[in-house]
Amino acid sequence: MRTHIKFSYISICFLLLTGLFSCQEYLDVIPKDRVADATLWSDKGNADLFLNGIYGSIRGPIDFFDHGDNYTDNTISQYLWAGSRSLYVLGIETPGTTSNLQQWAQFTNVRKCNVFISKAEASSLDPAWKKLRIAEARFLRAYFYSLLWTTYGGVPIITDVLDRNTQGEEIFRARNTDEETFKFIVDECAAIADDLPVKPGGSRAGKGAALTLKAWCELFNAGPLKNPANDKTRWALAAATNKQVMDLKAYTLFPDRETMFFEGNNRNSEVIFDKSYLGGTTIGNSRSGLQPIGVVGGTQNSWSGVNVTQELVDEYTMANGLPITDPASGYNPQKPYENREKRFYQDIIYDGSLFMGQEAVYYTGSGSLNELDLNFGSTNRPATVYHPRKAIENQYYINGWNYLSSANWVIFRYAEVLLSYAEAQNEAVGPDASVYEAINAIRARVELPALKAGLTQEQMRVAIQRERRVELCFEDKRWPDLIRLKLAEKLIPKTVHTMKIEKVNGVKKYTVVETGGTNRGFDPAKNYLLPIPRTAMDRNKKLVNNPGYGDN
């Protein structure tokens, strides 16, 4: 059997019987007696099934047809009805609308953690087991709170098990402040780090995961959104915590970036924390049937939900390490896909490239079902001439939600730690030798030369942001980066582009053109935080929505 955490059908049914999957809002409180079964909390195996169910509740964005990068300038959906195209990038999300960015349902997972912690603490189970598993549950609760905090700011901090039968109206809690919510998350991570093993089994949380989550929240808190005065000590704190992860010596960059996300390389040397999948079941991974090029060889094998923009394509350097805007790079606009860096060929399906052993055809006039649609969504054809190749496995290139792959969703990996350290250290003290070392390690893996010496802090900042955008593309990292760095107001409203490819006398001609519509918007007065859903506001009158959203 594969070495995943075993989210068996038995465990799923068991958790369904306890009622834990029935909550859609954190105020749909289940009486304690439903989970007070003595058998559950007197047996480590049964209690582990409960905790495994919480791990299984982690959301895996790879299963989203409307992928997280579609809400940014990296990719767009080719379908006008997708929430990213119809709501978020138009700046019109309200408390009454929903999109895949919404995270309020994480309170259901918070409650599951609280139940586990409470019941495990009160049990007579082995003390060593309790210490470890409670630390895992506290990590998961902190992780769920990090999603809430980065999406809404301050939210109610709930660590007890709510029971309306005994607590009545006391279950309704007001929002904690942004600072209190941040402090709760990082304090929890610090408190439990030493209770977790450096090398946990399976997809469980370890010490590195706790420190990496802490470091990520500190990095978010140091950026312009949360730190408008640019307090350098915040950046230094984020750098120090990322350095703690590096100093564990528990992780290394996986040598083959191209296959790093394939199921055969699950939990490789670079993975710090991930979500397990089990192919051939309802908890299988469907990325290869949802995101890449739709049609190859005349057969539709993907719903083609993620179209890569020219903006992201242009961030990939040439093989010599220079950006395409550098006159010395050798970039030829009429041969735009030649001599690009290795990651470009690993990450992007483009016109003329081979995929599934056949040529990908996008050019205008080809008659291909992948032919570019410049009517901004009037057909089901792609809105750009690029799709993701990264993490797509050929054997699972089967249309739609096929649940066939066991490739895990990587939440934190070592390359991100190096990138975050470099960013925080550069902002705290400037581009010292350790900043170069971290960035150059990532570049060396893909055979790029080291960054040139003598960069200014601003030049290094640009280089780090480019490396981060390319290295972490399609990993659900771009949206929080745009938010924390306050770049969303600049980049999300911009018209995105693609390449129009036409054959003229048998020779392909390449022209950069607009695509995806021109009515993208982002209101900096409100859109850096999402609205609390109307349903939550209706249930809990103590909640106050984020500025600009009223109570609609």
Side-chain angles (χ1 to χ4, degrees), residues 23-26 56-109 143-153 155 275 277 282-292 302-309 312 377 383 387-388 390-391 400-403 409-411 472-484 488 491-492 496 516-517 520-522 526-536 546 549:
C23 301
Q24 295 303 313
E25 299 288 344
Y26 82 100
S57 299
I58 293 172
R59 197 164 73 163
I62 48 179
D63 284 334
F64 288 177
F65 181 62
D66 200 16
H67 185 272
D69 273 22
N70 284 354
Y71 292 77
T72 74
D73 54 348
N74 272 2
T75 65
I76 62 172
S77 174
Q78 69 187 52
Y79 302 101
L80 284 174
W81 47 263
S84 59
R85 295 271 310 259
S86 63
L87 291 173
Y88 184 74
V89 298
L90 305 183
I92 59 173
E93 191 151 357
T94 73
T97 59
T98 59
S99 75
N100 287 336
L101 293 178
Q102 285 285 352
Q103 296 284 355
W104 199 258
Q106 299 298 344
F107 275 112
T108 299
N109 295 327
Y143 172 70
F144 297 135
Y145 263 109
S146 75
L147 299 175
L148 290 161
W149 174 64
T150 55
T151 304
Y152 305 104
V155 294
K275 172 183 169 62
Y277 284 84
T282 56
I283 51 174
N285 163 347
S286 301
R287 170 161 33 193
S288 296
L290 294 175
Q291 296 179 11
S302 168
W303 286 0
S304 185
V306 181
N307 295 183
V308 183
T309 65
L312 175 58
H387 282 93
K390 184 179 181 179
W401 274 281
N402 55 53
Y403 306 109
W409 169 252
V410 178
I411 296 171
L472 302 179
C473 70
F474 319 142
E475 296 182 44
D476 221 32
K477 304 293 183 179
R478 181 64 173 170
W479 183 78
D481 280 350
L482 292 181
I483 295 298
R484 68 182 178 87
L491 297 177
I492 288 179
V496 292
R520 294 163 63 95
F522 187 93
K526 66 176 185 177
N527 291 148
Y528 279 108
L529 297 173
L530 262 63
I532 296 175
R534 179 189 298 165
T535 52
N546 283 320
Y549 294 110

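Residue numbers run from 1 in the order of the sequence given.
If you take CG on L87 and CH2 on W81, they are separated by 12.5 Å, rounding to the nearest 0.5 Å. Summarising the geometry, atom OH belonging to Y71 is positioned 4.5 Å from atom OG belonging to S99; distances are rounded to the nearest 0.5 Å. Separating the CZ atom in R59 from the CG atom in N109 is a distance of 10.0 Å, to the nearest 0.5 Å. With rounding to the nearest 0.5 Å, the separation of CG in L147 from CG in L101 is 11.5 Å. Rounding to the nearest 0.5 Å gives a distance of 8.0 Å between NZ of K275 and CD1 of I411.
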Report task. Verify side-chain contact (heavy atoms from CB on, under 4.5 Å) between N100 and S84, making sure each step is shown before the conclusion. Result -> CA-CA 8 Å; N100 287 336; S84 59; over 6 Å; no

Query - Residue pair S302, Q291: steps toward the side-chain hydrogen bond (donor to acceptor under 3.5 Å, both in side chains) verdict - result: CA-CA 7 Å; S302 168; Q291 296 179 11; over 6 Å; no

Report task. Please report the C-alpha distance between F144 and I58 in whole Å, then the side-chain angles of each, then the deciding distance to 0.1 Å, and finally whether the side-chain contact (heavy atoms from CB on, under 4.5 Å) criterion is met. Result -> CA-CA 8 Å; F144 297 135; I58 293 172; 4.0 Å; yes

**Report entry** ring pair (Phe, Tyr, Trp, His ring centres under 6.0 Å) evaluation trace for Y152 with W104
**Finding:** CA-CA 9 Å; Y152 305 104; W104 199 258; 5.1 Å; yes

Requested in this report: Please test D476 against W409 for side-chain contact (heavy atoms from CB on, under 4.5 Å), starting from the C-alpha separation and ending with a verdict.
Outcome: CA-CA 10 Å; D476 221 32; W409 169 252; 3.7 Å; yes

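Counting all heavy atoms, side chain and backbone alike, S86 lies closest to L80 at CB-O, 3.5 Å. Listed here is the closest heavy atom pair of V308 and T75: CA-CG2, 3.9 Å. W303 and W401 get closest at one heavy-atom pair: CZ3-CZ3, 2.9 Å. Taking both residues in full, the closest heavy atoms of L529 and G153 are given as CD2-N, 3.6 Å, listed atom of the first, atom of the second, then distance. Of all non-hydrogen atoms in N285 and R287, the two that sit nearest each other are OD1-N, 2.7 Å. Of all the heavy atoms in F474 and P388, the pair that sits closest is CE1-CB, 3.7 Å.
Residues D481 and W479 have side chains not in contact (no heavy-atom distance under 4.5 Å, counting atoms from C-beta outward). Within the 4.5 Å cutoff, no side-chain heavy atoms of H387 are placed close to those of V306. Contact of the R478 side chain with the C473 side chain is not registered, since no non-hydrogen atoms from C-beta on lie closer than 4.5 Å. Side-chain atoms of I492 and D73, non-hydrogen and from C-beta on, never get closer than 4.5 Å to each other. Proximity of S286 to N402: side-chain heavy atoms (C-beta onward) are separated by under 4.5 Å at one or more points. At least one side-chain heavy atom of N70 sits less than 4.5 Å from a side-chain heavy atom of S77. Counting heavy atoms from C-beta outward, V496 and I76 have side chains that approach closer than 4.5 Å. In this structure the side chain of F107 reaches within 4.5 angstrom of the side chain of Y145, judged on heavy atoms.
Paired with Q106 under the rule side chain to side chain contact (heavy atoms under 4.5 Å, CB included), one option of T151, L148, V155 passes, and it is L148.
Every side chain to side chain donor-acceptor pair (under 3.5 Å) that N527 has, sequence neighbours left out, goes to Y549.
The closest donor-acceptor contact from the side chain of T150 to the backbone of S146 lies under 3.5 Å.
Using a cut-off of 4.0 Å between Lys/Arg side-chain N and Asp/Glu carboxylate O, R85 and D66 are scored as not salt-bridged.
Remark: K526 fails to qualify as a cation-pi partner of Y528 under the 6.0 Å distance and 45° angle criteria applied to the six-membered ring.
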